[in-house]
Structures are given as structure tokens and as C-alpha cells.
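Inspection log for the structure reproduced underneath, given as C-alpha cells.
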Amino acid sequence: MRIVVLAGGIGGARFLRGLKQAAPDADVTVIGNTGDDIHLFGLKVCPDLDTVMYTLGGGINEEQGWGRADETFHLKEELTAYGVGPDWFGLGDRDFATHIVRTQMLSAGYPLSAVTEALCDRWKPGVRLIPMSDDRVETHVAVTLPDSGATPDSGERKAIHFQEYWVRLRASVPAEAIVPVGAEQAKPAPGVLEAIAEADVVLFPPSNPVVSIGTILAVPGIREGIAEAGVPVVGLSPIVGDAPVRGMADKVLAAVGVESTAAAVAEHYGSGLLDGWLVDTVDAGSVERVEAAGIRCRAVPLMMTDLDAAAQMAREALTLAEEVRSA
Ligand code: FO1
């Protein structure tokens, strides 16, 4: 079975680990979000690609869900001693090595997809990991900073990098707009559209519907390719009991005018894209609303408390895909 998964960071990576357990013989292609990518200290950092790669390759910091296990921060401390920032983004020594190799290869002319393949030669994630695009796409968030007078830009409306919104500001101010800068001009990376066209099923894991899956779908050709593939497309809600399972997805959903409920996220994707949707058992009451929108819906446990729970979620998604196929 050929499975294509559109993935963001932690939620996508943990779901994929479950999928590998649930369907060990499946041929899995992961299309990774690169809208979170950021240039820091002259290096290209790809948080979502790395989170998938490290999680599936056994190198992730399990508690955080991002960055490397057994990490040290000597390099960051040295940079801080020179007064070189930003200091709000935690890059560890082991993680730095990945960004150095990636940046060297990019500078030598290799596209991000080839660089990612080379990095995966080390980590052997057991899936084919492809960035959504080799072109630069950067998610920006429009915010109005509080008028505290504390910094020169307080009180100003400005667009900031997604990581600055997420990590530095902890999504503490409303996101007024989310803009995947460069997405309109970007082309899907080599292999993306081919994998979609050849897939037996497409899965949307419980990743952020706006800044992860939404950004991937914003690359021209990907949404259309999925809709035209004629295979079951099944998603899992990242919202359980009207709150995000992790992260601050509610903040960015509000920016696109979508309420933080499992049903609203399904409607946001829409029946033109989504055939099946899994909500958590606590949201069983929303099954009817989702089905009324033309999307087949089931309520199953959606908390990825451990690997077995994630594997069970993957099994439920594949079962729903089969139901859709034989309907
Ligand atoms: N998230 C944080 O909350 N704080 C950090 O300092 C941080 C650093 C970081 C470094 C590398 C990396 O691959 C991910 C990192 N993340 C950090 C996670 C990341 O900001 C976001 O959670 C994802 O981009 C959203 O998927």
C-alpha cells in the first residue's frame, strides 16, 4: 500500500511513528512543511523536516518533541557571550551539525529535496521524506505588538516570522493574518505530485491545519493533485474537546476565521478535499455535523499518549479510508 502523509512537526512525526507500527509494509511518502523554516546564524533550519527525521530515526528529544536527545548548548552559550542572537530559539550543538551540513549542501547547489534525502541517509526514518517545495516559503504572521513602550516597535502592526510568533511571543498576541510568503510562486518538490498521483490513500495527521497542512496545500498543484488523485483522503483532528492537543493551533485558526472545534477544522478542509475525518470520542457529538458537510466521520480515541495509541489512530484512519473506498 502506498500512503502519502502531509506532515508538520511534533503531531505529524508522532503519528508517523504509529503509522509505521500499524502498517510496517506500507510504502510511506511524507510531504513535509517548510513554511516554518528559518535562517539563523547564516544557517538554514528546517524544524518540521528535522522533527520528522529525528523522531522516526530515533534521535528526537522525547520530552520536547523537537531538537536532539542528549543535547548540549555550548555553541549557543558562546554566541550569547558575543552578544549574537537571537537567544530565544534553542539550537543545540548536535542540532547545529544538521543545519551546517544542510547549509553547506544548499550553498553547493543541491536542492532542499536532495539535501533532505542525504540527511535521511544517516537517520533512516523508514519513510520517504520530501519537503513540500525546493523553493523558499516562509510563514509570516501579522500582529500588533502591545503598546508597552518597552521596545521601539511596541504598538506597531507588523509581520513577523512564524517562529518569532510561536517561540518568542508564545502566540501571546492575536494573529491577525497568516501569510505563507513565497507559496504562490513555489513549485512542488520533485516527487511530490508523483507520490500523490500514485498513492492508495492520503492522510492528514493531527498537524496544525493552518501553518502546517495549510501551508503545504498552499503550494500550487498540491491541493489540486490530492483532489484529483481519486483516492481516499482521511484526516485526524488536532482539536480535542475544543482545544488543541498541543501547541497553540487555536491562535492561528482564529486568524483564518475558523473556530477551534474538530468539526470546524473538517469544514475548513471541506468535502472537496477530505473524504474522512476522525474526531476524538469526547467530540462524538460533532460526528453528525461533519457528516452533514459530506465528510464521513468516526469518533475514536485521538490522544497520542504512547506509540501503541498512535498506531491505533493510524489503524482507524486506514480503516476509514477503506470504508470510503468501498462506499
Ligand atoms: N520550539 C520552542 O518552543 N522553542 C525553541 O527554542 C525551539 C527551537 C527549535 C529548534 C529546532 C527545531 O527543529 C525546532 C525548534 N522548536 C522550538 C520547535 C518549533 O519552533 C515549532 O514547534 C515548529 O516549527 C512547529 O511545528
Side-chain angles (χ1 to χ4, degrees), residues 5-16 30-57 59-77 79-80 85-103 112 115-116 119-120 123 125 129 131-132 137-141 160-172 175 178 180-181 204-218 238 244-253 255 304:
V5 182
L6 271 50
I10 305 173
R14 290 187 176 162
F15 174 77
L16 282 162
V30 180
I31 301 173
N33 170 42
T34 57
D36 293 15
D37 294 6
I38 185 164
H39 287 82
L40 292 171
F41 313 109
L43 301 174
K44 166 103 165 165
V45 182
C46 301
D48 285 0
L49 294 179
D50 289 349
T51 297
V52 169
M53 185 174 77
Y54 294 156
T55 301
L56 298 183
I60 198 76
N61 178 322
E62 289 288 346
E63 292 82 60
Q64 276 176 173
W66 50 268
R68 291 288 309 278
D70 192 22
E71 188 58 288
T72 51
F73 290 87
H74 302 298
L75 186 40
K76 187 166 183 269
E77 283 158 22
L79 290 164
T80 305
D87 60 0
W88 49 263
F89 202 70
L91 289 179
D93 300 326
R94 293 182 190 279
D95 199 22
F96 257 115
T98 303
H99 313 314
I100 291 170
V101 174
R102 173 184 293 124
T103 309
L112 184 61
V115 177
T116 305
L119 294 172
C120 286
W123 289 101
L129 175 61
M132 63 190 199
V137 178
E138 219 170 72
T139 302
H140 287 190
V141 183
I160 58 176
H161 190 286
F162 168 74
Q163 295 295 351
E164 193 175 351
Y165 181 70
W166 207 245
V167 176
R168 186 170 82 84
L169 297 180
R170 293 262 154 237
S172 57
I178 312 282
V181 178
F204 295 177
S207 288
N208 191 304
V210 182
V211 294
S212 298
I213 296 181
T215 308
I216 300 171
L217 293 171
V245 175
R246 67 168 40 255
M248 302 154 282
D250 49 333
K251 306 292 170 129
V252 290
L253 278 167
M304 287 192 282

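In listed order, ligands and their atoms are each counted from 1. Counting begins at 1 with the first residue of the sequence. Just so you know, these numbers use all the heavy atoms, side chains as well, and skip hydrogens, waters and symmetry mates. Since this is a predicted model, take the numbers as computed values, not measurements.
Of the heavy atoms in L91, only side-chain atoms (C-beta onward) come closer than 4.0 Å to ligand 1. Heavy atoms of W66 found under 4.0 angstrom from ligand 1 belong exclusively to the side chain. In M248, neither the side chain nor the backbone holds a heavy atom less than 4.0 Å from any atom of ligand 1. Within the 4.0 Å heavy-atom criterion, neither part of V211 lies near ligand 1.
In terms of protein heavy-atom proximity, atom 12 (C) of ligand 1 is closest to P47 CB, 3.9 Å.
When each atom of ligand 1 is checked for a heavy atom of D95 under 4.0 Å away, the hits are 11 (C). The W166 neighbourhood of ligand 1 comprises atoms 21 (C), 22 (O), with distances under 4.0 Å to a heavy atom of that residue. Listed by atom number, the atoms of ligand 1 under 4.0 Å from W88 heavy atoms are 6 (O). Shown in contact with D36 at under 4.0 Å from a heavy atom are these atoms of ligand 1, numbered in order with element: 23 (C), 24 (O), 25 (C), 26 (O). Each of the atoms 1 (N), 2 (C), 3 (O), 4 (N), 5 (C), 6 (O), 20 (O) of ligand 1 lies under 4.0 Å from some heavy atom of V167. For ligand 1 and G90, the ligand atoms under 4.0 Å from any heavy atom of the residue are 5 (C), 6 (O), 8 (C), 9 (C), 10 (C). Atom numbering of ligand 1 starts at 1 in the shown order; those under 4.0 Å from a heavy atom of Q163 are 19 (C), 20 (O), 24 (O). Interface of D48 with ligand 1, defined as ligand atoms under 4.0 Å from a residue heavy atom, comprises 23 (C), 24 (O), 25 (C), 26 (O).
In plain terms, the two heavy atoms of H39 and K44 that are nearest each other are NE2-CD, 3.6 Å. Contact between L129 and T116 at its shortest, heavy atoms only, is O-CG2, 3.7 Å. Smallest separation of non-hydrogen atoms from M132 and T34: CE-OG1, 3.3 Å. Residues I10 and G65 share a closest heavy-atom pair of CG1-O, 3.4 Å. Residue T51 comes nearest to A13 through the heavy atom pair O-CB, 3.8 Å, listed as atom of the first residue, atom of the second, then distance.
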### Query
So D250 and M248, side-chain contact (heavy atoms from CB on, under 4.5 Å) or not? Walk me through it.
CA-CA 5 Å; D250 49 333; M248 302 154 282; 4.2 Å; yes
### Task
Please assess F41 against L75 for the test side-chain contact (heavy atoms from CB on, under 4.5 Å), listing each intermediate value before the final yes or no.
CA-CA 11 Å; F41 313 109; L75 186 40; over 6 Å; no
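Using modelled atom types and a 3.5 Å distance limit, the side chains of D87 and T80 yield no donor-acceptor pair.
Formation of a donor-acceptor pair under 3.5 Å by the R68 side chain with backbone atoms of G59 is found in this model.
The closest approach between any non-hydrogen atom of R170 and ligand 1 is below 4.0 Å.
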